[in-house]
Amino acid sequence: MKNGTTKSEVKRGVAKSEPRPPYINKQDMPRIAIIFITSLISAFFILEKLDAEHLIGGFLISSLLLFILYRDIMRYKPAYIKKDSMLLLLCLILIFTLFIGRLFSYLLLGLSKGIGSVPIESAIFGMPLPVGAMLVTLLLDFHTAIIFSFTVSILTGLWLHDAALTLYAFVGSLIAAFSVIRCKKRSALILGGLYVITANVFTVIILFLFNGELFTVKATSSMMFALLAGLSVSAIVSMSLPLLEYLFKVTTDISLLELLDLNQPVMRNFMVTAPGTYHHSVIVGNLVESAAEAVGVNPLLARVSAYYHDIGKIKMSDYFVENQSGSTSKHDRLTPHMSSMIIVNHVKEGVEIAKQQKLPPPVINIIQQHHGTSLITYFYQRAKEQTPDALPTAEDYRYPGPKPQTRVAALVMMADEVEAASSVLKDPTPARIASLVDKIINHIFLDGQLDECELTLKDIYAVKRRFTHILTGIFHKRIDYPGFDFTEDESLHKEPAKANKGKPA
C-alpha cells in the first residue's frame with residue numbers, strides 16, 4: 001500500500017500519513033475559555049452561600065445553560081460565532097444582567113428594611129433584569145434575545161428559589177426584546193421601558209391573584225417596585241448602549257439612522273463637490289431600500305450604504321460623467337487604461353474616507369464590494385478600438401473586488417448599475433424600463449458577481465419587480481405647461497395661458 005499504510009489500518013480508516021483531526025480545534029479554544037469564565041462568574045452571582053458544593057453545582061448549571069445558548073447560536077446565527085468578540089459581548093451582557101440584578105436586590109432590600117412599612121419580599125420585583133434582553137436585541141438580534149431571556153430567568157429562579165420570579169423575569173425580558181425590534185431612535189428606549197412597566201405590573205397582578213394575595217399591601221408595593229424596574233431598564237440601556245457600540249464596533253439601527261443626517265461634514269462636502277453623484281446615490285438609496293424590504297434584509301443598512309457607496313468620487317469628481325457640466329470630458333486627453341485606473345480608484349478612496357469618518361464596518365465593506373470584479377466596459381471597448389492588433393487584457397479593466405459577500409452589498413451593486421443605465425434610457429416607458437432592469441441584472445448574474453452572496457433566484461425576481469416599480473414612478477410623464485415651450489433655448493415664455501390673461505405673474 002502507498003505511504004506505508006497496512007491493510008488493517010485501511011480497514012479501520014486510519015492512515016499513518018493522515019492523523020485523525022482533534023475533536024477540539026484551536027479556534028474553538030478562545031470560545032471555550034469565554035464560556036468557562038462566564039459560567040464561573042455566573043455561578044458566583046447565583047450563590048446563596050459560599051461553599052464548594054454550591055459553587056460546583058452553580059458552575060455546572062450555568063455551563064449547561066450557556067452550552068444550550070451556544071448551540072442555538074451555532075444553529076441559527078453562526079455568523080456571530082465567527083467573531084469571538086460577539087460571543088464575548090453576549091457573555092458580558094449576561095454577567096452584567098446578573099450583576100445589575102444582584103446590585104438592585106441588595107439596594108432595594110436595604111431600602112425596604114430602612115423604610116420599615118414596605119414588605120421586604122416586594123423589593124425583589126424592582127430588579128431591572130430585562131436590561132439584558134433589550135441590549136441583546138439591539139446589539140445582536142431578537143432570536144438570540146429569546147434564548148438569552150430563558151437563560152437569565154432560569155438563573156434568577158435558582159438564585160431566589162422562587163418559580164414565580166422565574167416567570168416574572170422571563171415575561172419582562174421577552175416584552176423588552178419585542179419593544180425594541182424596530183428601534184431606530186434613542187427616544188424609543190423610553191417607550192420600551194413603558195412596555196416593560198406594563199408587562200411587569202400585569203405579571204405581578206397575575207402572580208398575586210394566583211396566590212390569593214392580590215388585595216394586600218404586599219401586592220401594591222410589589223407593583224410599585226415593578227414600575228421602578230421598568231424605569232431603570234430604560235435608563236440603564238440608554239447609558240450602556242453607546243459604550244457597548246463603541247467598544248465592540250457593533251452597528252445598530254440607531255447609529256445607522258444618525259448617518260442619514262445630511263448635515264454631517266462628509267455628506268455636505270459630497271453634496272457640494274459631486275452633486276450629480278449625490279443625486280445618483282439618493283435614487284440608489286430609494287431603489288435598494290425597497291428591494292431590501294422585498295428580500296428580508298435590513299432596509300436601513302441598505303439605504304445608508306447606498307448614500308455612502310460613492311463617496312470616493314469626492315476626490316476627483318470632475319472625472320465622472322454625472323458631475324460634468326460641459327460637452328468635453330477630461331478622459332478625452334487620457335489613455336483608456338489611465339481612465340480606468342481613475343475610475344477604479346474611487347472605490348479605494350471611498351474606503352479611506354469611510355475609515356476616516358469612522359463609518360460602521362458593514363458600510364465600509366459594501367463600499368469596497370459594490371462593484372465587485374466587474375469590467376469597466378466603456379474604457380475596455382475604447383482600448384480595443386485604439387489597439388485592434390493587440391487586444392488589451394480584460395483583467396486590467398476590472399475592479400479589484402471582492403465580489404459582494406452579503407445580500408445588501410449585492411443589492412447596492414444591482415441598484416447602482418440599474419440607476420446609471422436608466423439615466424440614458426430614451427423614451428422610458430414601463431416596458432423599456434422593465435427590459436432594462438432585466439438585462440442589467442441578468443448581466444451581473446451571468447458575470448458571476450452574485451456567486452459569493454446568499455441571494456436566491458426568488459430574491460432576484462423580487463428585486464427586479466421593485467426596481468421596475470420605483471423607476472417607473474421616477475420616470476413618470478407630465479402634461480405640458482400651457483404657454484411654455486421648453487424645447488427652445490432663446491425664449492422659454494412664449495405667451496401666457498388664456499386662463500392667466502390679465503393676472504399678475
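Each of K330, R333, H331 was checked for a side-chain hydrogen bond (donor to acceptor under 3.5 Å, both in side chains) with S339, and the lone residue meeting it is H331. V180 pairs with exactly one of L135, L191, L189 by the side chain to side chain contact (heavy atoms under 4.5 Å, CB included) rule, that one being L189. When E454, E452, Q368 are each tested for a side-chain hydrogen bond (donor to acceptor under 3.5 Å, both in side chains) with Q405, only one passes: E452.
The CG atom of L64 lies 10.5 Å from the CD1 atom of I154; values are rounded to the nearest 0.5 Å. To the nearest 0.5 Å, atom CD1 of residue I41 and atom CD1 of residue I95 are 4.0 Å apart. A distance of 12.0 Å separates CZ of R407 from CG of L301, quoted to the nearest 0.5 Å. Note that OG of S240 is 10.0 Å distant from CG of L92, once rounded to the nearest 0.5 Å.
Atom NE2 of H143 has more than 12 heavy atoms from other residues, nucleotides or ligands within 6.0 Å. Surrounding CE of M341 are at most 12 heavy atoms belonging to other residues, nucleotides or ligands under 6.0 Å away. Within 6.0 Å of the OH atom in Y378, the count of heavy atoms belonging to other residues, nucleotides or ligands does not exceed 12. Other residues, nucleotides and ligands place more than 12 heavy atoms under 6.0 Å from the CZ atom of F45. Under a cut-off of 6.0 angstrom, the local environment of CZ in F248 is crowded, with over 12 non-hydrogen atoms contributed by other residues, nucleotides or ligands. By the neighbour-count criterion of 12 heavy atoms within 6.0 Å, atom CG of L446 is densely surrounded, having more than that number from other residues, nucleotides or ligands. Atom NE2 of H469 sits in a sparse spot, with 12 or fewer heavy atoms from other residues, nucleotides or ligands closer than 6.0 Å. Annotation for Y399: atom OH counts as buried by contact number, over 12 foreign heavy atoms lying within 6.0 Å.
Side-chain N or O atoms of T393 include none that pairs as donor or acceptor with a backbone N or O of D396 at under 3.5 Å. Side chain of S423 to main chain of A420: a donor-acceptor pair is present (N/O by atom type, distance under 3.5 Å, no hydrogens or angles). Side chain of S290 to backbone of L287: no donor-acceptor contact under 3.5 angstrom is found. H309 places a side-chain N or O within donor-acceptor distance of the main-chain N or O of A306, the cut-off being under 3.5 Å. Judged by distance alone, with hydrogens and angles left aside, the side-chain atoms of K403 form a donor-acceptor pair with the main-chain N or O of G448 at under 3.5 Å. When atom types are taken as modelled, the side chain of T144 and the backbone of L140 share no donor-acceptor pair closer than 3.5 angstrom. A distance-only check finds no donor-acceptor pair linking the side chain of Q369 to the backbone of I367 [under 3.5 Å]. In this structure, the side chain of S42 engages the main chain of T38 through a donor-acceptor pair within 3.5 Å. No donor-acceptor pair closer than 3.5 Å links the side chain of S435 to the backbone N or O of R432. Checking side-chain atoms of N323 against main-chain N and O of T277 turns up a donor-acceptor pair under 3.5 Å.
The shortest distance between side-chain heavy atoms of S63 and I35 does not fall below 4.5 Å. In this structure, the side chains of V171 and N200 stay at 4.5 Å or more apart for every pair of heavy atoms. Using a 4.5 Å cut-off on side-chain heavy atoms (C-beta onward), I73 and L69 make contact. Side-chain contact between V266 and Y308 is present, with heavy atoms from C-beta onward closer than 4.5 Å.
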Practice prompt. Apply side chain to side chain donor-acceptor pair (under 3.5 Å) to N365 and T406, showing your working.
Written response: CA-CA 9 Å; N365 293 336; T406 63; over 6 Å; no
Fill in: Residues R186, E245; criterion salt bridge (charged side-chain N to carboxylate O under 4.0 Å, His left out); working and verdict
CA-CA 13 Å; R186 299 198 185 272; E245 283 181 293; 3.3 Å; yes
Worksheet item: Going through the distances and angles, do E293 and R303 end up as a salt bridge (charged side-chain N to carboxylate O under 4.0 Å, His left out)?
Response: CA-CA 11 Å; E293 293 174 351; R303 175 176 281 272; over 6 Å; no
Discussion item. Between Q449 and S374, does the side chain to side chain donor-acceptor pair (under 3.5 Å) criterion hold? Intermediate values first, please.
Written reply: CA-CA 7 Å; Q449 300 300 319; S374 59; 5.3 Å; no
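By the 30° and 60° cut-offs, the orientation of the rings of H346 relative to H370 is perpendicular.
Between D253 and K184, none of the side-chain N atoms (NZ, or NE/NH1/NH2) sits under 4.0 Å from a carboxylate O, so this pair counts as no salt bridge. Between D310 and K313 there is a salt bridge, since a side-chain N of the basic residue sits under 4.0 Å from a carboxylate O of the acidic one. Salt bridge status for R398 with D447: present, with a side-chain N to carboxylate O gap under 4.0 Å. Salt-bridge formation is not detected for the pair E417/K439: no Lys NZ or Arg NE/NH1/NH2 atom is positioned less than 4.0 Å from an Asp or Glu carboxylate oxygen. A salt bridge does not link E349 to K355: none of the charged side-chain nitrogens sits closer than 4.0 Å to a carboxylate oxygen.
When every heavy atom of L129 is checked against every heavy atom of G101, the shortest pair comes out as CD2-CA, 4.0 Å. Here the closest non-hydrogen pair linking Y319 and I343 is O-CD1, 4.0 Å. Smallest separation of non-hydrogen atoms from G192 and S234: C-OG, 4.5 Å. Residues P128 and I236 approach most closely at CG-CD1, 3.9 Å, considering heavy atoms. M413 and G372 make their closest contact through CE-N, 3.4 Å (heavy atoms, listed as atom of the first residue, atom of the second, distance). What you find for S179 and Y195 is that their closest heavy atoms are CB-CD1, 3.8 Å.
Outside the 6.0 Å centre-distance limit, the rings of Y307 and F270 are not counted as a close aromatic pair.
When only modelled atom types and interatomic distance are considered, D459 and T456 share a side-chain donor-acceptor pair under 3.5 Å.
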